[in-house]
2 protein chains.
Amino acid sequence: MVTLHDVAARAGVSPATVSRVLRGQTVVAPATRARVMEAVEGLGYHPNIMAQGLRLGRGNQVALLISDIEQAVYASLTKHLQEALQSIGLELLLFNLDHNADRLKGLLERAPSLRLAGVVIASSDPLDLKVLKPLIDQLAAQEIQVVAVGQNLSRHGIPSVFHDDAAAARTAVAFLLQRGYGPVAYLGRTSQSAIGRERFKGYRQALADAGLEATDDLVWSWESRYRYQAGYEAFMTAIGRGVTVRGVLGASDELAIGAMAAAADRGFHIPKDIAIIGFGGIEVGEHARPALSTMSSDPRGVGAHVREVLLAAREGRKVPMRLTLDRQLVIRQSA
Amino acid sequence: MVTLHDVAARAGVSPATVSRVLRGQTVVAPATRARVMEAVEGLGYHPNIMAQGLRLGRGNQVALLISDIEQAVYASLTKHLQEALQSIGLELLLFNLDHNADRLKGLLERAPSLRLAGVVIASSDPLDLKVLKPLIDQLAAQEIQVVAVGQNLSRHGIPSVFHDDAAAARTAVAFLLQRGYGPVAYLGRTSQSAIGRERFKGYRQALADAGLEATDDLVWSWESRYRYQAGYEAFMTAIGRGVTVRGVLGASDELAIGAMAAAADRGFHIPKDIAIIGFGGIEVGEHARPALSTMSSDPRGVGAHVREVLLAAREGRKVPMRLTLDRQLVIRQSA
DNA sequence: CTGAAAGCGCTTACAG
DNA sequence: CTGAAAGCGCTTACAG
């Protein structure tokens, strides 16, 4: 392994000077700088990240704590986040929470010993702030920047970037109602998930706007994961109970696609008999048949904003506390 | 931050002793051990990963170099790999290659300075071993274990875990032929991807088994990403040229689903007019309508094997050079 | 503008 | 069984 000392020896300077050239914070004579750079290139030197991190009390890694990487919106977020971080020299340490609150807590506890530059929490689950807040404060004390993605935790002093889910749900349901697709059911979590809560709120608002009410039989509150099978089963169960609907708002595209499959299996024509709108804008929705109408999301925007927060923290600037991203109604075939 | 010294002070021993207790390699008097452990618990001590890594010349992180995290099979692999690594105290550093060969090269070059415990290469792209081999040898010299996932690089001395893609493709095509779904087209990469090459080989073998030939019009060699849109366009293009097929083997489930959408849009009934089989066993295939028949994959098996390789390397045992995983034909509705 | 020195928090060979 | 000491590879305050 080539070390700083090797570079210094080759350039005929002290290790301190090499370090100065590389960090670029201090003035170094141009001629010296040139010799050092030549040695760096010549030897193919890369600084030892561990030594750097130990010395600076700070690494260049950001932990991404994510609910479920197998959900397409999270995979997409991960991709864009990694790209955004890489552009400012940060690496991505991935932890799949699998919706496990204890894992989240454990990771937050370990963050200081990992000398993380930041922690990104991308969880759709409700967070127990009573437990988490002290841990997060501890991170703040060590200048480990925490960012929440997907849910708004800014009232707890945590910079957040999230979509306006209540507004999006309201838009989707209003669209369904206006096209004559009432009654509209809500398919998804209503309380076990912070995000689900927002979407459900928007759903009820849209109904209220139309003078309607969210009766029990219209709320297919599937308190399990946001996956295809849950959507399938929820639809089957409701239809089995004799519920009549003409529209469905799925709180995720996966749920919506599962519901579409169930509807097809029961002989319903989509959208003629039942119209369906999902949430997330995942790629497969475009190639489902019928193609899934959905409320899009903006993973690139999320990545860019997290980058901005981290950059601001690093440079000692004021960190933006919240950014609300819009979702667009993408109309395809299912509604 | 609680350090080793704090623990030592509280337990009334030297830092060296605390370290010995924690590492568990040396004998420590039971009474001393107990006092140390009490102090560790009491202070909530976690060792500084950077200091440990610097001292040991080795971190506990494994880099996952992955083609495209947005492809569901890769997201799934990532999940299982992270879980497997975590079970042996390793962390996952994620790098999305985006099919970029230069990024792969750059990452391999940086691996030593990151003091990685291992590097997992999960790429579907053809690797330029002339360029990569020297870099990988350099990693070996520093005891950074490299593992290839998805393609067989064992002939280059790189431990590999992969599916038997040629056999799987052969099975799928034989099934199609036997059910009377010939002629069968191959949809996917044939040369630009190591994995595609294997699948294409199996396709040709199955045709040869039946005394058939892979004529040009049957090979929809879409040398772009393994995504839905590519499958859609390839199907449309072929049909537009007047090609007649009754079966399609998609080299990925995404390609297959894209082709199904195109077939549906052109008024073909699946599987009556055209039967389709995909590759990967991704979750959405089960809830597509018609549900996608596919050759499954085994991400859990991959994760477990990578773990085993890393464990063997760590313990100085002989590292298994290759493991071939089988794919199962999952028959649903599309074939 | 540059060098010598101290120290980040660990681990382990060396003594005892 | 345990402690003192050296050193992993960096960075930066301190001198000059």
Side-chain angles (χ1 to χ4, degrees), chain A residues 1-37 39-40 43-61 89 110-117 142-144 314, chain B residues 1-37 39-40 43-61 89 110-117 142-143:
Chain A
M1 207 50 227
V2 183
T3 72
L4 198 68
H5 281 78
D6 301 328
V7 177
R10 168 136 165 188
V13 297
S14 75
T17 297
V18 177
S19 179
R20 285 190 191 101
V21 170
L22 262 19
R23 306 229 92 217
Q25 314 272 33
T26 336
V27 199
V28 180
T32 311
R33 147 168 282 112
R35 262 187 302 137
V36 168
M37 287 316 292
V40 166
L43 294 169
Y45 169 72
H46 292 278
N48 181 321
I49 286 304
M50 300 273 181
Q52 233 170 9
L54 175 59
R55 177 56 231 240
L56 297 173
R58 157 78 16 91
N60 56 357
Q61 302 186 333
R110 285 183 50 219
S113 72
L114 289 171
R115 292 293 187 274
L116 259 19
Q142 321 215 14
E143 303 196 309
I144 298 177
R314 178 154 95 186
Chain B
M1 208 50 227
V2 182
T3 74
L4 198 68
H5 281 78
D6 302 328
V7 177
R10 167 137 165 188
V13 298
S14 75
T17 297
V18 176
S19 179
R20 286 190 189 100
V21 169
L22 262 19
R23 306 229 92 217
Q25 314 273 34
T26 336
V27 199
V28 180
T32 311
R33 148 167 280 114
R35 263 186 304 137
V36 169
M37 288 315 292
V40 167
L43 294 169
Y45 169 72
H46 293 277
N48 181 321
I49 286 304
M50 300 273 181
Q52 235 171 8
L54 175 59
R55 177 58 232 239
L56 297 173
R58 158 76 17 89
N60 58 356
Q61 302 186 334
R110 284 183 50 219
S113 73
L114 289 172
R115 292 293 187 274
L116 260 20
Q142 323 214 15
E143 302 196 309

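In what follows, chains are A, B, ... by sequence order, proteins preceding strands, each numbered from 1.
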What's touching nucleotides 11-15 of chain C from the protein side, N or O pairs under 3.5 Å?
| residue | atom | partner | partner atom | Å |
| --- | --- | --- | --- | --- |
| C/dT11 | OP1 | B/R23 | NE | 3.1 |
| C/dT11 | OP1 | B/Q52 | NE2 | 2.8 |
| C/dT11 | OP2 | B/S19 | OG | 2.6 |
| C/dT11 | O5' | B/S19 | OG | 3.4 |
| C/dT11 | O2 | B/R55 | NH1 | 2.0 |
| C/dA13 | N6 | B/R20 | NH2 | 2.9 |

Inset, instruction - Would you indicate what A/T26 reaches in the nucleic acid, counting non-hydrogen atoms under 4.0 angstrom: base, sugar-phosphate, or nothing? - result: nothing

Inset, instruction - Grab the CZ-P distance between A/R58 and D/dG9 for me, whole Å please. - result: 23 Å

Inset, instruction - Name all residues meeting the side-chain hydrogen bond (donor to acceptor under 3.5 Å, both in side chains) criterion together with A/Q52; count only those two or more places apart in sequence or in a different chain, and write none if there are none. - result: none

Legend entry - Between C/dC14 and C/dC10 - P atom distance, rounded Å: 24 Å

Legend entry - From A/L116 atom CG to A/Q142 atom CD, the distance as rounded to the nearest 0.5 Å: 11.0 Å

Legend entry - Earlier contact from the 5' end, DNA chain D, for B/R33 and B/R115: B/R33

Legend entry - Non-hydrogen atoms of B/P47 and A/S113 that approach each other most closely: O-CB, 3.2 Å

Inset, instruction - Can you tell me the distance, in whole Å, between the CG atom of B/N48 and the P atom of D/dC10? - result: 17 Å

Inset, instruction - Taking the side chain as every heavy atom from C-beta outward, state whether B/N48 and B/T3 have any pair of such atoms under 4.5 Å apart. - result: no

Inset, instruction - Measure the shortest side-chain to side-chain distance between B/L4 and B/P15 over non-hydrogen atoms and say whether it is less than 4.5 angstrom. - result: yes

Inset, instruction - Whenever both distances are under 3.5 Å in a Watson-Crick or G-U wobble pair, mark it; put DNA chain D into dot-bracket that way, with [ ] for crossing pairs and | when the partner is on another strand. - result: |||.||||||||.|||

Inset, instruction - Give the rounded distance in Å between these two atoms: NE2 of B/H5 and C1' of D/dA5. - result: 11 Å

Legend entry - Distance, rounded to the nearest Å, where B/L114 contributes CG and D/dG9 contributes P: 15 Å

Inset, instruction - Provide, to the nearest angstrom, the distance between the CG atom belonging to B/L54 and the C1' atom belonging to C/dC8. - result: 9 Å

Legend entry - Any A/T3 side-chain nitrogen or oxygen under 4.0 Å from OP1 or OP2 of D/dC8: no

Inset, instruction - Would you please name every residue forming a side-chain hydrogen bond (donor to acceptor under 3.5 Å, both in side chains) with B/S14, sequence neighbours left out? - result: B/T17

Legend entry - B/E143: partners by side chain to side chain contact (heavy atoms under 4.5 Å, CB included), with sequence neighbours left out: B/R58

Legend entry - salt bridge (charged side-chain N to carboxylate O under 4.0 Å, His left out) contacts touching residues 5-24 of chain A (sequence neighbours left out): A/R10-A/E38

Legend entry - Rounded C1' spacing from C/dG16 to C/dT12 in Å: 16 Å

Inset, instruction - Using a 4.5 Å cut-off on heavy atoms from C-beta on, say whether the side chain of A/L114 contacts that of B/M50. - result: no

